[in-house]
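Working notes, structure below.
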Amino acid sequence: MYDRSIPFGATIKWMKKETRDTWTYALRINDREIKKSYCFQPGQFNMLSLPGIGEAAISISSHAADHDLLHTLKVAGDVTTAISKMRAGDVIGVRGPFGRGWPMEEADNKNVIIIAGGVGIAPLRSVMRHLAARHRDRSGKVMIYYGAKTPKDIVYRDEFPRYRDMFSVFLAVDKADPEEYWKGEVGLVTRLLAKTSFDPLGTTVFICGPEVMMRATISDLLIRGVPGEKIYLSMERHMNCGMGICGHCFFGPKFVCKDGPVFRYADIADFLGLREV
Amino acid sequence: MKRVKIIKEDLKTIFEALAQRYRTIGPKLVHGTVVMAESSFEDIPAGYEDRQGPGSYRLEKKETEEIFSFSPGADSFKKYLCPSSVTSFSFQKSAKGFVVDVPEREGMPLAFIGSRACDLAALSLLDQVFLDGPVRDQGYEGRRKSIFIVSVNCNHPSENCFCDAMGTGPYAKEGFDLCITEIRNWLLVEAGSVEGEKVLEILPHREIDAGDLDEKRIVIARCREMIKKSMKTEDLPGVIYRNLEHPRWTEIAGKDLECGNCTMVCPTCFCNSSYDVLSLRTVSSNLRDFSGVRRRTWDSCFSKNFARVHGGNFRPSRRARYRHWMTHKLAYWIEQFGSPGCVGCGRCITWCPVGIDITHELEELRRVR
Ligand SMILES: Cc1cc2nc3c(=O)[nH]c(=O)nc-3n(C[C@H](O)[C@H](O)[C@H](O)COP(=O)(O)OP(=O)(O)OC[C@H]3O[C@@H](n4cnc5c(N)ncnc54)[C@H](O)[C@@H]3O)c2cc1C
Ligand code: SF4
């Protein structure tokens with residue numbers, strides 16, 4: 001196994017503009033040995049870096065069988081801005097994969113609800129791709145709830161028609177765009193959830209989005225009778241090393257980088273409502 | 001394992017034997033404090049006694065034949081095993097990408113002489129952090145791997161020591177290659193490893209008898225009696241979790257300077273930050289070809305931006321940052337690694353410029369208001 005504290009090079013094969021501030025990058029690992037031994041679980045992340053600029057934690061959005069590693073990132077600050085200026089053929093530094101991903105065994109042949117907000121869809125895309133690849137052989141319903149600011153902010157918008165063929169897909173925007181026809185919901189994701197019915201005891205829920213959105217959604221789910229043991233969420237904290245030795249990412253007693261980023265709600269419920277832990 | 005009795009002068013022989021194969025790191029007097037430094041037998045500040053208090057440290061020379069008359073200063077294993085600044089790798093960037101070069105481990109391994117029981121306990125906690133996670137820290141592993149430890153059982157605890165309460169001292173049970181107990185004019189030396197036994201072989205020594213072991217017990221019991229500070233560990237971590245909104249946190253924040261000294265001197269505080277440092281030439285020339293290093297330095301959860309992310313800071317207040325530190329030591333650590341992250345060395349009390357005392361603060365938290 002290569003040393004995950006040292007970045008390796010990966011070449012941008014192609015890139016795709018998702019929204020005005022979000023891009024998807026397909027990366028191919030340059031070193032053949034590393035490429036062979038690199039394997040990840042949906043929900044894990046890489047530290048993407050540019051020498052001299054810094055590193056940023058970015059989820060892996062591809063399916064394990066895909067040829068390239070996909071990363072979808074929203075331009076935020078130094079690193080993400082610098083990456084957004086790169087072009088196909090440029091080389092990015094990668095460390096990873098890190099963290100514990102989604103418990104895919106809890107999704108196999110079960111009803112699954114996926115709830116995402118904004119760029120929080122990124123770590124869930126690999127779950128969706130995984131479930132889509134097994135669509136024919138699996139039993140259990142898949143429901144996807146996704147909320148974005150406006151229709152123009154929907155990440156992976158071109159992929160949703162395909163998911164619609166297999167899964168129940170519900171999209172919501174905070175604000176519809178007057179210039180565009182929008183037949184979906186206007187409002188919060190929680191509103192979508194309230195309008196649909198599902199079997200609260202027989203469903204596994206995966207959530208990723210802004211923390212306020214996740215908290216609101218979880219409280220609705222609990223009221224609907226979904227047990228806290230069946231709700232999983234992906235947390236975000238300051239990442240520096242990615243491997244449990246720098247102390248930056250603590251969420252209560254948890255290292256988000258190695259115990260998470262995906263947590264079972266019941267395991268972190270005590271800390272989720274607390275301020276400044 | 002072998003246990004022998006030697007005369008004090010033969011401690012010099014131990015130093016010299018180890019110096020053949022190791023850089024010997026021992027206690028040394030620098031600017032009026034005991035530090036850990038590359039040193040020899042003659043450097044030991046024998047006969048010095050320290051007075052420690054909240055935010056205070058003074059050394060005094062005493063009329064005594066004792067060698068280990070002092071307790072440890074601010075330094076601990078982490079100074080050498082996870083140094084305050086290390087280069088993880090260097091990189092060379094060009095238009096085609098970048099090349100990374102990991103520095104070779106250089107030099108002789110280290111022998112630590114004079115480590116105390118609390119320090120050994122702290123070392124085993126650092127081992128858990130850096131070696132038992134999903135990714136082993138190879139830099140730490142390389143520095144840690146071939147060290148030799150000569151520990152010393154304490155005769156003179158400082159006013160801030162509370163190792164007895166934490167179950168880590170004042171005498172070492174394991175984790176050393178050799179362990180010394182100073183008893184009047186001789187030293188009881190116990191081996192804790194095969195390497196340690198080999199060193200004992202070359203020393204002129206006498207085998208010990210039951211009476212000698214009794215003497216060791218007396219020394220330890222006397223030391224225990226001298227330890228005045230304590231920490232009530234019952235009900236940890238619960239007592240902290242139940243008091244996360246206790247008014248005391250705000251009061252501490254009113255005193256706290258956020259200098260981070262406590263985290264620098266704590267032998268178990270491991271937090272760090274990595275960042276790229278570019279060579280000077282790079283900054284002045286073009287932006288496509290440049291070189292630099294990834295440096296990792298100690299950081300502290302007291303740093304304002306420690307938990308900052310784009311668009312916010314998870315611990316913006318000083319109250320939250322102090323609470324986080326103490327909660328990590330006495331509560332989170334138990335969940336993360338199975339025991340408190342505090343070994344009772346008292347360093348954070350001594351080296352805190354405003355004398356915040358973690359044992360006292362825990363008592364305050366227990367007070368219902
Ligand atoms: C597990 C995980 C997965 C993520 N996945 C994605 C993803 O798939 N797509 C995406 O767009 N974003 C994702 N993020 C958020 C992303 O990491 C931040 O947007 C990014 O770090 C911002 O870096 P920057 O240099 O561009 O911003 P700046 O504002 O320049 O830097 C932010 C500052 O905060 C620090 N920082 C450390 N960790 C974070 C953090 N988690 N968020 C923000 N700042 C941080 C940086 O070191 C820097 O000091 C993820 C975060 C985590 C923790
Ligand atoms: S918190 Fe204070 S007493 Fe505890 S180990 Fe750190 S320095 Fe020592």
Side-chain angles (χ1 to χ4, degrees), chain A residues 1 3-11 30 47 49-57 74-80 89-93 95-100 210-211 236-255 257-259 270-271 274-277, chain B residues 82 88-89 91-93 96-100 102 129-130 133-140 237 241 244-245 269-278 282 287 290-292 294 296 299 301 305-311 313-317 319-321 323-324 327-328 331-336:
Chain A
M1 182 76 168
D3 182 354
R4 277 184 281 167
S5 68
I6 314 285
F8 54 79
T11 304
N30 295 345
M47 296 299 293
S49 63
L50 294 178
I53 295 175
E55 290 193 312
K74 179 170 157 161
V75 175
D78 296 348
V79 177
T80 46
D90 288 345
V91 175
I92 290 187
R95 296 193 296 119
F98 294 117
R100 285 222 298 238
E211 212 165 297
E236 181 178 344
R237 282 296 180 273
H238 184 127
M239 293 283 152
N240 189 269
C241 72
M243 47 197 233
I245 60 175
C246 79
H248 282 272
C249 71
F250 281 17
F251 170 60
K254 305 290 185 192
F255 289 80
C257 68
K258 66 171 188 183
D259 303 325
D270 289 349
F271 289 92
L274 298 181
R275 278 179 48 227
E276 294 196 74
V277 286
Chain B
C82 49
S88 309
F89 55 82
F91 57 83
Q92 182 73 49
K93 166 90 173 64
K96 288 214 275 312
F98 63 91
V99 184
V100 170
V102 182
V129 173
F130 290 109
V135 183
R136 294 168 82 82
D137 179 29
Q138 302 196 1
Y140 178 86
Y241 288 155
L244 289 175
E245 297 302 332
C269 274
F270 59 85
C271 290
N272 57 72
S273 286
S274 290
Y275 48 90
D276 289 355
V277 181
L278 300 185
T282 301
L287 285 168
F290 56 82
S291 60
R294 171 75 51 89
R296 189 208 281 177
D299 202 342
C301 53
N305 288 332
F306 194 73
R308 186 178 93 89
V309 294
H310 184 82
N313 186 339
F314 285 103
R315 261 170 254 119
S317 74
R319 168 185 176 273
R321 291 193 287 273
R323 185 179 71 176
H324 177 77
T327 306
H328 184 211
Y332 298 160
W333 205 296
I334 298 174
E335 297 191 42
Q336 293 169 339

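Worth knowing before you read on, the calculation uses all heavy atoms, side chains too, and leaves out hydrogens, waters and symmetry mates. Chain letters run A, B, ... following the sequence lines, proteins first, then strands; residues in each count from 1.
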Given a strict heavy-atom distance threshold of 4.5 Å, which part of B:Asp299 is in contact with chain A: side chain, backbone, both, or neither?
-> side chain
Identify which part of B:Val99 has an atom lying under 4.5 Å from any heavy atom of chain A, answering side chain, backbone, both or neither.
->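 Neither; nothing under 4.5 Å.
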Partners meeting side chain to side chain donor-acceptor pair (under 3.5 Å) with B:Ser88 (sequence neighbours left out) = none
Which heavy atom of [X] sits nearest to which heavy atom of [Y], and what is that distance?
| X | Y | answer |
| --- | --- | --- |
| A:Gly52 | B:Phe91 | N-CZ, 3.7 Å |
| B:Asp276 | A:Ile53 | OD2-N, 4.2 Å |
| B:Asn272 | A:Asn240 | O-OD1, 4.3 Å |
| A:Ser5 | B:Phe89 | O-CE2, 3.8 Å |

From [atom1] ([X]) to [atom2] ([Y]), nearest 0.5 Å:
| X | Y | atom1 | atom2 | result |
| --- | --- | --- | --- | --- |
| B:Asp137 | A:Cys241 | CG | SG | 9.0 Å |
| A:Cys246 | B:Phe306 | SG | CZ | 6.0 Å |
| B:Arg294 | A:Glu55 | CZ | CD | 4.0 Å |

Is a side-chain N or O of A:His238 found less than 3.5 angstrom from the main chain of B:Val309, in a donor-acceptor match?
->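 Flag not set: sc A:His238 to bb B:Val309 has no pair under 3.5 Å.
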Counting only N and O atoms by type, is there a donor-acceptor contact under 3.5 Å from the side chain of A:Glu276 to the main-chain atoms of B:Ser317?
-> yes
Parallel under 30°, tilted from 30 to 60°, perpendicular over 60°: which one fits the rings of B:Tyr241 and A:Phe271?
->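 Geometry flag for A:Phe271 against B:Tyr241: perpendicular rings.
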Report which part of [X] has an atom under 4.5 Å of a heavy atom belonging to chain B: side chain, backbone, both, or neither.
| X | value |
| --- | --- |
| A:Phe250 | both |
| A:Thr11 | neither |
| A:Leu274 | side chain |

Between B:Tyr332 and A:Phe255, does the ring centre distance come in under 6.0 Å?
->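 Between A:Phe255 and B:Tyr332, which both carry aromatic rings, the centre distance is not below 6.0 Å.
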Between B:Ser273, B:Cys301, B:Gly133, the one whose heavy-atom pairs under 4.5 Å with chain A are most numerous |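 Of B:Ser273, B:Cys301, B:Gly133, B:Ser273 has the most heavy-atom pairs under 4.5 Å with chain A.
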